[in-house]
Amino acid sequence: MSTPVEPLRLLLLADESEWAVHLRECLQPMGGSVVLLTAPNWAAVDSLFANDRQAVVLATPELQPAPGRCELPTILLLEQEPLTAPLGASDWLVLAQLTTDTLRRSLRHVRERGVLVATLQRLAEQDPLTGIANRQGFQALLTARLAENDGRGLALGHLDLDNFRHVNDALGHQGGDRLILQVVARLKHQLEASDQLARLGSDEFALLIDTRRDPNRAEWMAERITEALTEPYWIDGESLLLGCSLGIAHARAQAGADPLMWHAHIAMRQAKSSQGCTFHVFNERINRNARSLADLESELRRALRRDELELHYQPRLNLADGRIVGLEALVRWNHPERGLLAPSEFVPLAEQSGLIVPLGYWVISRALSDMQALRERGLAPLHMAVNLSFRQFQDSQLLATLSRLIVEHGVDARWLEFELTETAVMRRNELVRQTMDALGRLGVRFSLDDFGTGFSSFVHLNSLPITLLKVDRSFVGGMEQREENAKLVHAMINLAHNLNLEVVAEGVESEEQLALLRAFGCDQVQGFLVSRPLPVEALIEYLLQVPAPGLVQTL
Ligand code: C2E
Ligand code: MG
Ligand code: MG
């Protein structure tokens, strides 16, 4: 006996009966697979259908559910072809063109889109290589677990592999991936069902340890884990030893996730000072003297004053003509003792402390003056993309300061572009919107960075003044090995094109990835294959050489 397939429910919200009549006619050939239900408005049926996975709303513009009120895909019913894509709808149908075929196509489109959204949502919280939670997923998980027991009976481990970068250099990324998989397997072996494991970064992991039954469990687990990781690894027939540093912090009642993460991080840094696989348990008393958040903050403040920051630029290549069309400015901190630090080591701190505001202005003004420098060297103008944190929008002076900086540097604002992450723009904050609109009027463009990671809903995408979408490198990497990734990237590119956005693929490292992206119709690529981020002098050298004939042909 076959299980009956549930019919697709179409909820019609329309005043004129004309739509209902027309739709019924179109639905006839589809038989019982689709049913049409009518309702006076969304509010009337909200509670009945809000969680119905098999429902699609069809609404005329007057009755379209308010933004954020309806999770179901919505198809807008229009009298005439719209000039631009309507806001808040997954698709639209025009009365005069309504046929069984157009309806069928539209329904397929919104459902495929729904599957993409669901997959992206799942992937946004999961590390693609290992399948365990990523930083984002872990944060949600940690907050939930802390709330469950009022913060008691939990310990957090922060594990960092030593010199993983060298392993990657020596064995290649695939070898590095295999090593990570072995590390995860060893960690999983030590954990019980009520513990949890997550991958926070390329070589960083979080372990949530249940200590309800045994308050000392975290300590003896740390001992066993460091022991297990000390054993040699076998990669491609070679044995390899790896050092690691594990920091442990015990949760305190009502202290929240952030201090716990920070304490485990400090303990991990302390473990780093000894060789091999070691662990360190955070101790409140001792750590009064340790380098605190406040110390780091004042160091960063000093760095800004002493000009210890640098900008590197990564070129963006246009696939249609093989030319470099843009640059992304990426900040680095040339720390007097610790060397060149990546943004991941200080941008989060700068965001938390508010220092991102002055730091951000430093970045923008340096990028603008380097744009001038490129022009003076006789180079054709390029789009300059600068990363902007959500926090920078909360600065009431943003618009005024930016306008002033643009004028001061005598740069045409149309060449300036800001990269925003989904988490920033999807907060749907009115202030963000207004500032974006005002900057847009100056000619500045916006792109959506790290697309595919951590968004809530991208129905709002087409309501924002964005011209470009950057597919996150976690999807681009692994496209050759994992078909799912390739499919997703393809779907994201199509989605962007449907919304009239250009697409940049980030983190392109191999010719294979490039060939796939080309086949998918991607517009631009950025990544080590084209060039690593370069200091301005090296960038000028690079730009004076390209488009070298060889490069254009191979790319
Ligand atoms: P993002 O905006 O997604 O920048 C791209 C990152 O990918 C850069 O890392 C770049 O070096 C790296 N990358 C580029 N191509 C490849 C590749 O082929 N393979 C691999 N594995 N990586 C590649 P970076 O410089 O460490 O920057 C990390 C993040 O820090 C940036 O991610 C951005 O979100 C943030 N950031 C950088 N500069 C600033 C800034 O001035 N302000 C703010 N608010 N954030 C910044
Ligand atoms: Mg970026
Ligand atoms: Mg990015």
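As the structure lists them, so they are numbered: ligands from 1, and atoms in each ligand from 1. Every heavy atom of this structure was used, including side-chain atoms; hydrogens, water molecules and symmetry mates were not.
- Near E419, with a cut-off below 4.0 Å to any heavy atom, the atoms of ligand 1 are 2 (O).
- Under 4.0 Å is where a charged nitrogen must lie from a carboxylate oxygen, and between D437 and R433 at least one such pair does.
- For the residue pair V331 and L311, the shortest heavy atom distance occurs at CA-CD2, 3.7 Å.
- In terms of N/O distances under 3.5 Å, ligand 1 is approached by R332.
- Side-chain N or O atoms of E502 include none that pairs as donor or acceptor with a backbone N or O of Q524 at under 3.5 Å.
- Ranking the protein heavy atoms by distance from atom 20 (C) of ligand 1 puts E509 OE2, 3.1 Å first.
- For the Mg ion (ligand 3), the N/O/S atoms of E419 include none lying under 2.8 Å.
- For the pair E308 and P336, the tightest heavy-atom approach, listed with the atom from each and the gap, is OE1-CD, 3.4 Å.
- When only non-hydrogen protein atoms are considered, atom 31 (C) of ligand 1 lies nearest to L330 CD2, 4.1 Å.
- Distances below 4.0 Å separate heavy atoms of G527 from the following atoms of ligand 1: 15 (N), 18 (O).
- Protein heavy atoms are found less than 4.0 angstrom from atom 7 (O) of ligand 1.
- For ligand 1, the atoms sitting less than 4.0 Å from at least one non-hydrogen atom of D449 are 1 (P), 2 (O), 3 (O), numbered in the order shown with element in parentheses.
- Using a 4.0 Å cut-off between charged side-chain N and carboxylate O, R391 and E351 make no salt bridge.
- The nearest N/O/S atom of E328 to the Mg ion (ligand 2) is OE2.
- With E310 contributing its side chain and N334 its backbone, the two residues share no donor-acceptor pair below 3.5 Å.
- At least one N/O/S atom of D450, from backbone or side chain, sits under 2.8 Å from the Mg ion (ligand 3).
- Under 4.0 angstrom from ligand 1, the non-hydrogen atoms of E506 all belong to its side chain.
- Atom 3 (O) of ligand 1 has D450 OD1, 3.0 Å as its closest protein atom, hydrogens excluded (heavy atom only).
- The ring-ring contact (aromatic ring centres under 6.0 Å, His included) test with H383 singles out one residue from F446, Y313, W415, and that residue is W415.
- With respect to E417 and R445, a salt bridge is recorded, a charged nitrogen being found less than 4.0 Å from a carboxylate O.
- No donor-acceptor distance shorter than 3.5 angstrom exists from the side chain of R518 to the backbone of G521, with no hydrogens or angles considered.
- Of the possible polar contacts, one joining the N485 side chain to the G477 backbone as a donor-acceptor pair under 3.5 Å is found.
- Here is the list of ligand 1 atoms found below 4.0 Å of a heavy atom in Q314: 14 (C), 15 (N).
- The Mg ion (ligand 2) has an N, O or S atom of D449 under 2.8 Å away, backbone or side chain.
- In terms of protein heavy atoms, atom 44 (N) of ligand 1 is closest to S389 OG, 2.8 Å.
- Put simply, part of P533 is less than 4.0 Å from ligand 1, judged by heavy atoms.
- Judged by distance alone, the side chain of T278 and the main-chain N or O of A271 form a donor-acceptor pair under 3.5 Å.
- In terms of protein heavy-atom proximity, atom 16 (C) of ligand 1 is nearest to F528 CE2, 3.2 Å.
- Under a 4.0 Å criterion applied to the non-hydrogen atoms of G507, ligand 1 contributes the atoms 15 (N), 16 (C), 17 (C), 18 (O).
- The nearest heavy-atom contact from the protein to atom 36 (N) of ligand 1 is P343 CB, 3.9 Å.
- At least one donor-acceptor pair under 3.5 Å links the side chain of N134 to the backbone N or O of G137.
- The main-chain N or O of V503 is found under 3.5 Å from a side-chain atom of D523 such that the two form a donor-acceptor pair.
- Distances between N or O atoms of V331 and those of ligand 1 include at least one value under 3.5 Å.
- An N or O contact shorter than 3.5 Å links N387 to ligand 1 by distance.
- Residues G157 and I248 come closest through the heavy atom pair CA-CD1, 4.0 Å.
- At least one N or O atom of E328, backbone or side chain, sits closer than 3.5 Å to an N or O atom of ligand 1.
- Nearest N/O/S atom of E506 with respect to the Mg ion (ligand 3) is recorded as OE2.
- The protein heavy-atom contact nearest to atom 5 (C) of ligand 1 is R473 NH1, 4.0 Å.
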